[in-house]
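The first residue in the sequence is number 1, and the count goes up from there. This one's a predicted model, so the numbers in the text were calculated from it and none came from an experiment.
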Amino acid sequence: MEEDAATRSRAAALALWCLTGLTACLGPTTPLGAVDRSTEARPAEPPSAGPQPGDASEERPRILFDPSYQQVHGPYTWKVAVVDPSAPGRPDAERLRVFYNGLEVTESATFQFRVGYRSRGESDAEELLLEMPHLRLRPLEDHDILVQYTPAHGTPLSAVYPFPEVRDLGAEEGLATTAPFSVAEDLLDVVWEAGRHYGLNPVLLVALIAQESSFDPHALSKARALGLTQITHLAERDIAPAFPGWPRYPGIETLSRDSLRRLIPRVVNGENEWRLDPVKSVWGGAHYLSHLRGRLLHERNRPALSLGGEDEDRVLIEACLAAYNSGLNRTLHWLRHHRRDWLDQGEATEAKRYVRKILSFYGAFRAAGEASAAEET
């Protein structure tokens with residue numbers, strides 16, 4: 001028994017030494033694997049233009065991403081497909097290079113990928129397919145992911161795996177999916193109606209609800225925010241004048257979170273507290289987001305938006321979401337004092353996580369399935 005224990009101890013020490021040595025050789029880890037420090041990292045080249053509109057893109061080499069955009073709201077399976085019509089039979093996996101934030105992670109990424117092939121259409125040709133299960137991208141970090149492929153014939157092709165951006169707060173876009181949530185069609189109809197009424201992007205509203213409550217109509221936060229759109233007592237004051245007939249539970253603002261948890265939904269529910277009514281919650285949340293947009297665009301506050309960056313539309317969208325989460329006055333303070341870095345400074349950490357998760361849900365909901373990122377670069 002003593003000899004077996006000693007043997008196990010030596011084996012454990014050897015395993016630990018091997019693991020430590022391997023980590024030291026490979027260098028720091030990234031979501032795509034470790035950076036190989038044993039060889040000099042080659043800098044990522046600028047992305048090529050890729051196929052242009054009007055090209056017969058199905059006859060040209062392409063890099064496809066599935067899902068189409070980066071997701072930071074949870075782990076997911078990331079797929080990269082390479083289509084190379086010029087390759088005889090199968091694209092060569094050795095021609096593929098992967099970079100993360102400017103550092104090459106090809107070897108470690110290939111090790112973590114499941115490498116395989118799948119048929120392409122009705123032809124005998126196949127496309128290279130790499131899958132990385134359980135990819136987790138942290139919401140507070142920027143993830144510059146670049147994939148390069150050198151076709152059998154032709155110039156190297158590059159594709160950037162993009163993070164989703166909302167370009168127009170008022171655009172009426174289509175919804176491709178609500179996965180992993182199962183959302184009733186009649187509730188989505190309410191979101192579209194409210195979005196159209198207030199001139200708000202309905203897919204963004206769906207993403208906001210996903211982040212706020214995961215579509216739980218009885219959701220209760222630590223700050224005692226209620227319902228699908230998680231309206232707080234302070235926000236309710238800005239919403240109440242627009243809907244004077246909506247029911248409010250008497251004295252609810254004085255109840256503790258534990259008391260509320262015990263009372264919802266048996267005592268406090270959608271019949272006597274509007275925030276717990278799914279339809280009213282959607283309309284109230286849409287009204288509040290529209291209210292914040294109007295306040296930010298007011299002549300007194302609009303100069304603060306211009307301090308946040310040259311792309312005022314993007315700053316407006318991010319500021320609206322940040323204000324929904326952290327308050328309008330705090331958001332304006334960040335813009336005025338930190339300017340372009342307003343969402344990257346310490347006080348705004350929670351707001352940045354919130355904003356990026358909503359944009360992540362937005363990207364997932366508006367575009368399901370693979371897309372050719374090479375066509376977007």
Less than 4.5 Å apart, side chain to side chain, heavy atoms only: is that true for [X] and [Y]?
X: R95; Y: L128; answer: no
X: Y76; Y: L137; answer: yes
X: Q148; Y: I63; answer: no
X: R248; Y: E236; answer: yes
X: T106; Y: L96; answer: no
X: L157; Y: V147; answer: no

Closest approach of [X] and [Y], non-hydrogen atoms and distance?
X: A319; Y: T331; value: O-CG2, 3.8 Å
X: Y362; Y: E165; value: CE2-O, 3.7 Å
X: V206; Y: T178; value: CG1-CG2, 4.4 Å
X: A152; Y: S86; value: N-OG, 3.7 Å

Once salt bridge (Lys or Arg N to Asp or Glu O under 4.0 Å) is applied, do any residues pair with [X], and if so which ones, sequence neighbours excluded?
X: D168; result: none
X: E141; result: R138
X: E212; result: none

Out of curiosity, [X] [atom1] to [Y] [atom2], how far, rounded to the nearest 0.5 Å?
X: Y161; Y: S68; atom1: OH; atom2: OG; answer: 7.5 Å
X: L169; Y: Y198; atom1: CG; atom2: OH; answer: 14.0 Å
X: W334; Y: S326; atom1: CH2; atom2: OG; answer: 4.0 Å
X: R224; Y: I252; atom1: CZ; atom2: CD1; answer: 8.5 Å

Please identify each residue that fulfils side-chain contact (heavy atoms from CB on, under 4.5 Å) with [X], with sequence neighbours left out.
X: R339; answer: L307
X: P247; answer: W274, K280
X: S221; answer: A223, A225, Q230

What pairs meet the salt bridge (Lys or Arg N to Asp or Glu O under 4.0 Å) rule with one or both residues in residues 172-187, with sequence neighbours excluded?
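Counting only pairs at least two positions apart or across chains, the salt bridge (Lys or Arg N to Asp or Glu O under 4.0 Å) contacts touching residues 172-187 are E172-R196, E173-R366.
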Could you list all the salt bridge (Lys or Arg N to Asp or Glu O under 4.0 Å) pairs where at least one residue sits in residues 323-332, not counting sequence neighbours?
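Sorted pair list comes back empty.
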Enumerate the ring-ring contact (aromatic ring centres under 6.0 Å, His included) contacts for residues 164-192, please, sequence neighbours excluded, ordered by first and then second residue.
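Qualifying pairs: F181-F215, F181-F361.
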If a pair satisfies ring-ring contact (aromatic ring centres under 6.0 Å, His included) and one of its residues is in residues 288-317, list it, with sequence neighbours excluded.
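For residues 288-317: Y288-Y324.
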Within 6.0 Å of NE2 in H233, more than 12 heavy atoms from elsewhere:
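Enclosed: over 12 neighbouring heavy atoms sit under 6.0 Å from NE2 of H233.
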Indicate the ring-plane relationship of F113 and W78, choosing parallel, tilted or perpendicular according to the 30° and 60° boundaries.
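Judged by the thresholds at 30° and 60°, the geometry between F113 and W78 is tilted.
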Describe, in one word, how the ring planes of H333 and H338 are oriented to each other, choosing from parallel (under 30°), tilted (30 to 60°) and perpendicular (over 60°).
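Plane angle over 60°, so perpendicular.
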Set of side chain to side chain donor-acceptor pair (under 3.5 Å) partners for K352, sequence neighbours left out:
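Counting only residues at least two positions away or on another chain, K352 forms a side chain to side chain donor-acceptor pair (under 3.5 Å) with D344.
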Does H218 have any ring pair (Phe, Tyr, Trp, His ring centres under 6.0 Å) partners at least two apart in sequence or in another chain, and if so, which?
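For H218 there are no ring pair (Phe, Tyr, Trp, His ring centres under 6.0 Å) partners, ignoring immediate neighbours.
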Starting from the C-alpha separation in whole Å, work towards a yes-or-no answer on salt bridge (Lys or Arg N to Asp or Glu O under 4.0 Å) for E312 and R302.
CA-CA 10 Å; E312 189 171 310; R302 189 155 194 165; 2.9 Å; yes
